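Worksheet: one structure, shown below.
These values consider heavy atoms only, across backbone and side chains, with no hydrogens, waters or symmetry-generated copies. Since the model is a prediction, treat every value here as computed from it, not as a measurement.
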Amino acid sequence: CAGVCGGNAAVDECGECDGNGSSCACLSQANSPNWDSDGDGVLDNFGEFSNNGSITGRVFLDGEEVGNECDYIAAFIEGELRGLGKADGPLADFFGGGYAFPILIYSNIASGETLTFQYYSNADDAIYEISETEEFVSDMFLGDATNEGAYVFNVSTSIDISVPFSSGWNWFSINVEGESMDLNSV
C-alpha cells in the first residue's frame, strides 16, 4: 500500500496504510460512551435484528451546527442501543459543508417503537440528549446529507423552568452558579 513493491506495509483496521490502528480510536476519551467497540461506526450487534431503517441528519448545539470526525449519534429504543452514526465529513460545499450523521437503526418489530437519540461530542468529551424522537418504521429513510434535506438533531444546553405563581406574595429560589451572577443573567 505504500507503493513499495514487495514492501511490508499493510492497511490497518482503520484503513490507514502502514498504520497502527490508533487513527480509528475516536471513542477513547475519559467520558466517551461504549457505543462502538470496534470503531467502525456501525452498531456492533446489528445481526441480532431483522428490520432496519435509516436517518441522515445534522446536529445543532444551541442553534449552531456542530460535528467533527470523532462525533457520534446513537439511537435508542427503551434505553437499548439500536443504531449508531459516526460523523461523515467535512462535506463538500455543494452539500453545505459541515458534517452529516448517517445512522442505520435496527429492530425486530416492523414499526411502533419510539426512538430517542444522544449525541457524543468528542471536542467536549460529553454526551448530550437530543430533543427529537421518531417512530421506528422498517425501511424508513429520513433525511440526506445536504443542509436542506438533512434530518435536524437539536441539542440544547440550556434549561427552561416554568413555575406558575399565585397572585400575592410568592417566594422562589434556585441554586444556580453561572459565569455571570448578575440578576439579568440568571
Side-chain angles (χ1 to χ4, degrees), residues 26-27 29-36 39-44 46 49 51-107 109 111-164 174-180 184-186:
C26 285
L27 296 177
Q29 294 204 54
N31 295 316
S32 60
N34 186 22
W35 290 342
D36 189 16
D40 64 357
V42 176
L43 183 67
D44 293 333
F46 69 89
F49 301 100
N51 300 300
N52 66 52
S54 70
I55 298 177
T56 301
R58 291 176 177 251
V59 177
F60 292 83
L61 180 64
D62 293 327
E64 297 288 324
E65 186 173 359
V66 294
N68 79 43
E69 63 183 312
C70 287
D71 290 358
Y72 284 80
I73 294 283
F76 297 88
I77 295 176
E78 295 181 359
E80 179 184 3
L81 181 63
R82 294 290 190 88
L84 188 64
K86 186 176 178 187
D88 185 16
L91 299 175
D93 288 341
F94 62 86
F95 285 116
Y99 289 82
F101 291 82
I103 309 167
L104 272 173
I105 302 164
Y106 300 89
S107 178
I109 298 173
S111 65
E113 294 180 298
T114 301
L115 296 166
T116 59
F117 303 94
Q118 292 180 352
Y119 165 63
Y120 173 71
S121 168
N122 186 64
D124 298 341
D125 192 23
I127 298 171
Y128 296 98
E129 295 292 326
I130 293 175
S131 57
E132 286 73 28
T133 61
E134 194 66 52
E135 179 185 346
F136 177 84
V137 177
S138 185
D139 299 322
M140 66 185 190
F141 184 83
L142 304 175
D144 62 40
T146 65
N147 270 342
E148 296 79 27
Y151 187 91
V152 175
F153 293 106
N154 287 301
V155 177
S156 177
T157 59
S158 65
I159 298 172
D160 295 326
I161 299 175
S162 176
V163 179
I174 299 177
N175 261 344
V176 176
E177 186 173 330
E179 290 179 24
S180 171
N184 294 323
S185 298
V186 177

CA sep, side-chain torsions, deciding dist, call: L104, V42, side-chain contact (heavy atoms from CB on, under 4.5 Å): CA-CA 8 Å; L104 272 173; V42 176; over 6 Å; no
Just list the side-chain donor-acceptor pairs under 3.5 Å for residues 134-142, sequence neighbours left out, or say none.
residue	atom	partner	partner atom	Å
E134	OE1	Y151	OH	2.8
E135	OE2	G112	N	3.1
S138	OG	N51	OD1	3.4

Rounded distance (nearest 0.5 Å) linking atom OG of S54 with atom CD1 of I103: 9.0 Å
Heavy-atom side-chain proximity of V59 to I73 below 4.5 angstrom: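 In contact.
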P102 vs D88 side-chain heavy atoms within contact, under 4.5 Å: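 Yes, close enough: below the 4.5 Å cut-off.
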Residues F153, Y119; criterion ring pair (Phe, Tyr, Trp, His ring centres under 6.0 Å); working and verdict: CA-CA 9 Å; F153 293 106; Y119 165 63; 9.1 Å; no
What pairs with [X] under side-chain hydrogen bond (donor to acceptor under 3.5 Å, both in side chains), at least two apart in sequence or on another chain?
X: E129; value: Q118
X: S111; value: none
X: T146; value: D144
X: D44; value: S37

Summary of salt bridge (Lys or Arg N to Asp or Glu O under 4.0 Å) pairs that have at least one residue in residues 53-63, sequence neighbours excluded: R58-E65
F95: ring pair (Phe, Tyr, Trp, His ring centres under 6.0 Å) partners, not counting sequence neighbours: none
Non-neighbouring partners of F49 that pass ring pair (Phe, Tyr, Trp, His ring centres under 6.0 Å), sequence neighbours left out: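 Applying ring pair (Phe, Tyr, Trp, His ring centres under 6.0 Å) to F49 gives none.
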V155 and V66: CA distance, side-chain angles, deciding distance, side-chain contact (heavy atoms from CB on, under 4.5 Å) verdict: CA-CA 10 Å; V155 177; V66 294; over 6 Å; no
Flag for Y99-N68: side-chain donor and acceptor within less than 3.5 Å: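 Judged by distance alone, the side chains do not pair up.
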side-chain contact (heavy atoms from CB on, under 4.5 Å) between I77 and L115, intermediate numbers included: CA-CA 5 Å; I77 295 176; L115 296 166; 3.5 Å; yes
Residue list, salt bridge (Lys or Arg N to Asp or Glu O under 4.0 Å) with E80, at least two apart or on another chain: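 In terms of salt bridge (Lys or Arg N to Asp or Glu O under 4.0 Å), with neighbours along the sequence ignored, E80 is linked to R82.
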Any donor-acceptor N/O pair, D71 side chain to N122 backbone, under 3.5 Å: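 Looks like yes, one N/O pair under 3.5 Å.
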Shortest non-hydrogen separation from [X] to [Y] and the atoms involved:
X: A145; Y: T56; answer: N-CG2, 3.8 Å
X: S32; Y: D125; answer: N-OD1, 3.3 Å
X: D36; Y: G41; answer: OD2-N, 2.6 Å
X: F101; Y: G85; answer: CD2-O, 3.7 Å

Qualifying residues under side chain to side chain contact (heavy atoms under 4.5 Å, CB included), relative to A74, sequence neighbours excluded: W35, F76, L81, L84
